[in-house]
Amino acid sequence: PHARGHGRRGVLGRMGGALALRRLQSTKVAAFLADKDVLVAREAARAINDVPIEDANGDLAALGTLTALPKDEVVLSRVVEANFRAGTATSAQWLARIAGDSKVATHTRQEAVAALADFATPQPRNRLTGAYRPLPQGKRDAEGAATALAASLNKLLVRGQPDLFRTAAGAAGRMKLQAAVPYLARAVAQRWDTDAVRIAALTTLKDLQAPEFAQVLSRASKDPTPRVRLWALKERVAIDPTLAPALVGEALKKGSVGEKQAAIGLLGWVQDPGAEAKLAGLLDELVAGKLPLALSLDVQDAAKKRNAPALLAKLDAYEKKRPDTDIGPYIEAVDGGDPEMGQRIFMYNSLVQCRRCHSVEGHGGEVGPELKGVGKRRSRQYLLESVVFPSKHFAAGFESVLVTMKDGAVHGGTVKKDAGPTLKLVSAEEGELTLLKKEIASREPGASGMPDGFGSILKKRELRDLIAFLAGQK
């Protein structure tokens, strides 16, 4: 049926046929998988996978054998799912072929790799639609999947494909593919791509218990990026805790802020007498006001973890000297945070919901001010105070008002427009409101729409990260 009809009328006719067969859940819809019009072929693939039409799954999976793979990513992603569901050594080879094809979009190649990694332990849900679709009972060829992926590693663990590399490295670790070791070791030694790539390589080398791991770890300790050096530092101390004092001392002298923080964190748990002495010295610096503020929270947390009387006494001495200001109890959050973690808090933390009212680069709400450039306009201390005590500072144009209407209704929000006979407010709770001024009984300054209490809702580390993110908005 897919061969009949030319031009727009023919395409519409074939699309109608595909849709009708979809409604009937007929396996004949598979005939449209080879249609020259991508929309018709896409509809057929969706019918088989999404409805689903399980008896046509083999036809969809077989597209992976074509000399030229389907170019449409909607179709090809369903070919991946169909082969995953088939669970045979042959379907695993077809998945490996898709994963190794450089002409295929990276995210689809990643899907194929992930399908091979999950081959032995499939979840009962369709990987594309999320629909509950337990796989048919029967043995799945996990060995065939491992063999197929191992044979494709030379096309997956390559330089210049960081996302694909990380997915493939994770899969190799899960499937215990020793064949991945040379590629992973090379990625670290030659410092491929990003720090995330090298950390993925190191993690899998560790999981595989590769003999090369010790040598590679030594190289990682000299990596140009702090994140890789930090990973190596933690691993070296985990392997040999007696190295902690020396490595911490080296990190405190030469390391980045993140490395110094991580090194101090190690002092909180490593079982070595020198660690407690090193931490005691850092506490003395804290009490004397000589320790960089970016390390203050880390030193305090490490001392609390060790719970040694001498360290706790030094902490008590620091608390007595803590600044007697509004932000004094939170002063550790001013500096030293991770802006990437802070962004996650801003975007996704459901307890504070920052983006509900504020936007960055146009993404977020409009109740509060746009935060682009706030790090350039305001100091870190100001930002911390604004988060912990939001009613203390109002951005120009975002003053809050409380309006009582003559009928007794009360509305609060930010004034969006005050002109003519109406007053426009916007609030997170009620959205945009237009009030007639003649119906207003009273109007007075209101508290910030941003609630107090963020200082207790967020942990100090989270608060520190959030301030780092806001301070980075230049």
Side-chain angles (χ1 to χ4, degrees), residues 25-31 33 44-67 69-70 73-101 104 107-157 164 166-181 183-184 203-204 207-210:
Q25 298 186 24
S26 170
T27 58
K28 292 181 180 179
V29 74
L33 289 171
R46 281 177 167 156
I48 295 169
N49 179 81
D50 301 7
V51 170
I53 304 173
E54 197 68 54
D55 289 342
N57 191 73
D59 297 285
L60 181 57
L63 295 185
T65 68
L66 298 177
T67 303
L69 291 171
E73 295 302 320
V74 174
V75 173
L76 193 53
S77 63
R78 283 159 176 78
V79 173
V80 169
E81 176 65 12
N83 280 288
F84 173 72
R85 293 187 67 79
T88 66
T90 301
S91 62
Q93 291 173 2
W94 294 345
L95 285 171
R97 181 201 171 194
I98 295 170
D101 192 332
V104 174
H107 67 87
T108 304
R109 297 178 71 186
Q110 288 178 272
E111 286 179 19
V113 172
L116 287 167
D118 293 338
F119 217 72
T121 55
Q123 298 298 310
R125 291 189 179 277
N126 185 288
R127 295 159 59 88
L128 288 175
T129 66
Y132 183 73
R133 287 182 59 195
L135 287 161
Q137 295 296 317
K139 182 175 174 60
R140 294 176 63 82
D141 199 328
E143 185 177 344
T147 300
L149 183 59
S152 298
L153 290 175
N154 64 325
K155 299 176 183 178
L156 303 172
L157 296 174
L164 181 62
R166 290 166 64 189
T167 302
R174 287 180 58 191
M175 301 175 81
K176 305 301 179 186
L177 300 181
Q178 294 294 329
V181 170
Y183 303 102
L184 300 170
T203 302
T204 300
D207 292 343
L208 293 174
Q209 299 180 349

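- The backbone N or O of Arg125 lies less than 3.5 Å from no partner atom in the side chain of Arg133, so there is not a single donor-acceptor pair.
- Note: Gln93 CD to Leu116 CG = 10.5 Å, rounded to the nearest 0.5 Å.
- Side-chain contact between His107 and Glu73 is present, with at least one heavy-atom pair separated by less than 4.5 Å.
- No donor-acceptor pair closer than 3.5 Å links the side chain of Arg85 to the backbone N or O of Asn57.
- At distances below 3.5 Å, at least one donor-acceptor pair connects side-chain atoms of Arg109 with backbone N or O atoms of Asp101.
- Minimum interatomic distance between Ala92 and Phe119 (heavy atoms only, all atoms of both residues): CB-CZ, 4.0 Å.
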Enumerate, atom names and distances included, each donor-acceptor pair closer than 3.5 Å involving a side-chain atom of residues 145-155, sequence neighbours excluded.
residue, atom, partner, partner atom, Å
Thr147, OG1, Glu143, O, 3.0
Ser152, OG, Ala148, O, 3.3

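- When the shell of 6.0 Å around CZ of Arg166 is examined, it contains 12 or fewer heavy atoms from other residues, nucleotides or ligands.
- Taking CZ of Arg140 as the start and OG of Ser91 as the end, the distance is 7.0 Å to the nearest 0.5 Å.
- Within the structure, salt bridge (Lys or Arg N to Asp or Glu O under 4.0 Å) contacts touching residues 170-179 (residues at least two apart or in different chains) are Asp118-Arg174.
- If you take CZ on Arg127 and CG on Asn49, they are separated by 11.5 Å, rounding to the nearest 0.5 Å.
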- [ ] Could you go through the side-chain contact (heavy atoms from CB on, under 4.5 Å) check for Asp141 and Thr88 one step at a time?
- [x] CA-CA 5 Å; Asp141 199 328; Thr88 66; 5.6 Å; no
Open item on the list: Checking Val80 against Ile98 for the side-chain contact (heavy atoms from CB on, under 4.5 Å) test, could you report, in this order, the C-alpha distance in whole Å, the side-chain angles of both residues, the deciding distance, and whether it holds?
Closed with: CA-CA 8 Å; Val80 169; Ile98 295 170; 4.0 Å; yes
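- Contacts of Ala45 classified as side chain to side chain contact (heavy atoms under 4.5 Å, CB included), with partners at least two apart in sequence or in another chain: Leu33, Leu60, Val75, Arg78.
- Contact detail for Pro122 and Phe84: the closest heavy-atom pair is CB-CZ, 3.5 Å.
- Taken from CD1 in Ile53 to OG1 in Thr27, the straight-line distance is 7.5 Å, to the nearest 0.5 Å.
- Of the possible polar contacts, one joining the Thr204 side chain to the Ala169 backbone as a donor-acceptor pair under 3.5 Å is found.
- Contact record, Ala168 with Leu156: CB-CB, 3.8 Å, taken as the closest heavy-atom pair.
- Of the inter-residue distances, the one linking Leu208 atom CG with Leu177 atom CG reads 7.5 Å to the nearest 0.5 angstrom.
- Without hydrogens or angle criteria, Asn83 side chain to Val79 main chain gives a donor-acceptor distance under 3.5 Å.
- Closest non-hydrogen pair, Leu128 versus Ser77, comes out as CD1-O, 3.6 Å.
- No more than 12 heavy atoms of other residues, nucleotides or ligands sit less than 6.0 Å from atom CD of Gln123.
- A donor-acceptor contact shorter than 3.5 Å is absent between the side chain of Gln25 and the backbone of Val51.
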